[in-house]
Every structure is written in C-alpha cells, then in structure tokens.
Amino acid sequence: MVKRREIVTPPQDVERRIEEFAAAADGVKTAERQADKEAPRDYKAIRVPFNQYEYETLEKLCQQTNSSKLNMIRHALLIYAQQDATK
C-alpha cells in the first residue's frame, strides 16, 4: 500500500525566520543589510526579451564601447539610478 504524504502549510513567519537565520549566519542584521556594488553577481538573474530594433541598438552600442551586452545594461541601470538620485 502506498503511503501518501500530507502537505502541511508552514506557519506564516517561517520564511521570515529562515531569512533572519541566514542573515545571522552571515553576520548581517536583516534591518541593516545593504547592497554591495562589488558583490558577486549571483543574487538574481533576469531574462529580458528584446525586439529586433532594441537588440540591434544594444549590439551597436556594445561594439562602439567595446563592452558586453550585460555590462552595457548594468551600466545604463547605474547611470539612470544616479540621475534619479540627483533629482
């Protein structure tokens, strides 16, 4: 006879407690945790769909600046964030 597992929903604060535990293990308090510009790029990955015009524009810009597509996107993000912060 097959023993079926029952799905038990964990208490709502389990995710918060897991994050607090992980942060404490890293020696970081969750309330004071700040992003590091020089941190390794393994936090999140995003798939960005482009149309043909956008992709060709990105390729041309990368050729002109001799940089990769990912670095160009990151650079544009940082420039935009800096301009927004100065307003």
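Positions are given from 1 along the sequence.
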Partners passing side chain to side chain contact (heavy atoms under 4.5 Å, CB included) against [X] (at least two apart in sequence or in another chain):
X	result
Asp84	Lys87
Glu56	Gln52
Thr65	Leu61, Ser67, Met72
Leu77	none

Which distance, rounded to the nearest 0.5 Å, do you find between the [atom1] of [X] and the [atom2] of [Y]?
X	Y	atom1	atom2	answer
Tyr53	Leu58	OH	CG	12.0 Å
Tyr55	Lys60	OH	NZ	13.5 Å
Lys69	Gln63	NZ	CD	8.0 Å
Cys62	Ile73	SG	CD1	7.5 Å

Under the side-chain hydrogen bond (donor to acceptor under 3.5 Å, both in side chains) rule, collect the residues that match up with Thr86, sequence neighbours excluded.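 Expected list: none.
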Close side-chain approach of Glu54 to Asn51, heavy-atom, < 4.5 Å: yes
What side-chain donor-acceptor pairs closer than 3.5 Å can you find for residues 38-49, not counting sequence neighbours?
none

